[in-house]
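Below is one structure, written out as structure tokens, with a few remarks after it.
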Amino acid sequence: MTSTPPPNSLHEVVSCMSGYDPDALPVAQAQQIIQQFITPISSIEKVAIREALGRVLAKDIVSGINVPSHDNSAMDGYALRGSDLSVNQTTTLIIKGTAYAGRAFAGIVNTGECIRIMTGAVMPESCDTVIPQEFTLNASTTQVDVPAGKVTAGDNRRLKGEDLAAGKTALLKGKILRPADVGLLASLGVAEVPVQRKLRVAFFSTGDELRSLGETLDAGCVYDSNRYTLHGMLTRLGCDIVDMGVIKDDPASLEAAFRSAAENADAIITSGGVSVGAADYTKQMMAQLGDVAFWSIGMRPGRPMAFGKIHSAGKSAYLFGLPGNPVAVMVTFYFFARNALLRMMGATIPELPLVPAVSLAALRKRPGRTEYQRGIASVASNGQLQVAITGSQGSGILRSMSEANCMVVLPHEQGNVSAGDQVNILLLEGLL
Ligand code: AMP
Ligand code: MG
């Protein structure tokens, strides 16, 4: 972590940037400005490990014990002394007893002897090898034959501390905890962990044409879908959400909404009203209540965006004024707001892997802007990853996003793509 003090104003951040042009801002520069202006929250709470799923770990977790605590068997079979094994002929061993998981064999295993052992059972002191049951021959209750060449000394033994040794760091601060991490914590005997408090994000839609669900769809109106995609994306990110509904396009309603959001949330996300042609009061109110930059970003979809901070009654919240078009909202959320919110949450930002795929069709692309086309990736019969575009790529066509399983990311300088060319894709869903 750096100890540089947070910048006081957006102006301070952009003044350090060469060639800053709010009317033609490359994606990378906008991302850089946002990352520099954002500061993480620093409030920690302790939660039971089940509740820690999806939360950001606030402190390193050091293992207090060896996991496993003893050498134990990785198989059901017979524990023996590796030095007893003959290289070229069957070895017959006397069975001294049995070790079960959770019930060790108390005696001593001498040369020429073995014990029957179950997976997870503690290895007797003198044994270093386990022969799986299915490799043995002529097993009775008193003796067993071990054919030559089936195991070598040390096989099928899990070593004390091989998962985690006592004193080793098991999980690093900033990690977003996944099911495996929660299980790992349990394996260490840890019942509660410190996590960052949840980020509180308020959001609302602006636009007189918007109708909420349950309302009549008057002529020229559309249902407000952005609040639902935002709700979904913020929930997936693990935020506490404050859905403020559709705000009417009048100065008093907008001012009240922005003030309430700034006083009660860490971040505010709005959609609509930030484009050049916008004839509403959204931009005006953002400028009046905060330190906000209005950008035209070199990207498609999602060109207009506002970013900054809104102040009210001595409190403040970061503002992401996203465009109104439904696909543009999602793209700007994923490529700007997501990392910023993760940074605020104190999370180590996971690198999103761009993977190469063959484009099945020619794509029109103008250099000088980053494009995020919606794609369907699949594996060709030759095993190669390929991608098709989900039909029309208009920024209002939310179906293109719903049908997609990936984004085709065409970089700033890239020109037209021919069918068969390689492009980079970002898969939308993973296993976890
Ligand atoms: P704007 O950025 O406000 O000019 O809006 C651009 C387009 O997005 C217009 O066609 C709006 O009707 C549409 N739009 C804005 N907000 C929403 C919303 N919350 N849900 C669905 N469409 C919206
Ligand atoms: Mg509008």
Side-chain angles (χ1 to χ4, degrees), residues 22-25 27 30 201-235 239 241-258 261 265 267-289 292-308 310 319-337 369 371-372 374 390 392-404:
D23 296 323
L25 195 63
V27 167
V201 182
F203 59 102
F204 56 87
S205 299
T206 68
D208 282 348
E209 77 283 25
L210 303 179
R211 292 293 174 268
S212 292
L213 299 186
E215 288 180 358
T216 311
L217 201 58
D218 303 315
C221 291
V222 292
Y223 282 120
D224 172 12
S225 61
N226 289 345
R227 270 194 306 128
Y228 291 82
T229 43
L230 279 169
H231 178 279
M233 293 188 291
L234 289 165
T235 302
C239 300
I241 46 190
V242 187
D243 184 344
M244 298 178 66
V246 176
I247 303 299
K248 278 268 163 289
D249 187 24
D250 71 74
S253 308
L254 283 164
E255 176 167 0
F258 276 118
I268 310 166
I269 300 186
T270 62
S271 71
V274 291
S275 55
V276 203
D280 57 18
Y281 294 100
T282 307
K283 277 169 91 170
Q284 193 180 312
M285 204 47 69
M286 287 175 178
Q288 191 177 314
L289 296 176
V292 177
F294 297 95
W295 292 332
S296 185
I297 302 177
M299 68 188 292
R300 190 178 159 129
R303 206 153 60 95
M305 195 176 109
F307 170 70
I310 298 285
L319 169 75
F320 300 88
L322 307 183
N325 275 308
V327 184
V329 166
M330 296 196 75
V331 169
T332 49
F333 180 90
Y334 283 133
F335 294 96
F336 298 110
R369 66 187 186 202
E371 286 194 18
Y372 300 92
R374 278 72 70 203
T390 57
S392 172
Q393 296 290 299
S395 65
I397 300 175
L398 195 50
R399 183 170 46 82
S400 70
M401 199 70 205
S402 170
E403 286 174 359

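Atoms within each ligand, like the ligands themselves, are counted from 1 in listed order.
Within the 6.0 Å centre-distance limit, the rings of F335 and Y372 are counted as a close aromatic pair.
For residues 292-307, the pairs satisfying side chain to side chain donor-acceptor pair (under 3.5 Å) are Y20-W295, S296-R303, with sequence neighbours left out.
The main-chain N or O of D249 is found under 3.5 Å from a side-chain atom of D208 such that the two form a donor-acceptor pair. Between the side chain of D218 and the main chain of G220, no donor-acceptor pair closer than 3.5 Å is present.
The distance from ligand 1 to the heavy atoms of D224 drops below 4.0 Å at these ligand atoms: 18 (C), 19 (N), 20 (N). Near S205, meaning under 4.0 Å from any of its heavy atoms, are these atoms of ligand 1: 19 (N). Under a 4.0 Å criterion applied to the non-hydrogen atoms of G272, ligand 1 contributes the atoms 2 (O), 3 (O). Here is the list of ligand 1 atoms found below 4.0 Å of a heavy atom in Y223: 20 (N), 21 (C).
Comparing heavy-atom distances from atom 20 (N) of ligand 1 across S271, S212, G207, S225 singles out S225 as nearest.
With a 6.0 Å radius and a threshold of 12 heavy atoms from other residues, nucleotides or ligands, R399 has its CZ atom at or below the threshold.
Residue G273 has at least one nitrogen or oxygen atom sitting less than 3.5 Å from a nitrogen or oxygen atom of ligand 1, judged on distance alone. Taking only nitrogen or oxygen atoms, main chain and side chain alike, N226 reaches within less than 3.5 Å of ligand 1. The distance criterion of under 3.5 Å between nitrogen or oxygen atoms is met by G324 with respect to ligand 1.
Residues satisfying the salt bridge (Lys or Arg N to Asp or Glu O under 4.0 Å) test with D23, not counting sequence neighbours, are none.
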Run the side chain to side chain contact (heavy atoms under 4.5 Å, CB included) test on E403 and R374 for me, step by step, so that the C-alpha distance in whole Å, both residues' side-chain angles and the decisive distance to 0.1 Å come before the verdict.
CA-CA 8 Å; E403 286 174 359; R374 278 72 70 203; over 6 Å; no
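Neither the backbone nor the side chain of V246 has a heavy atom within less than 4.0 Å of ligand 1.
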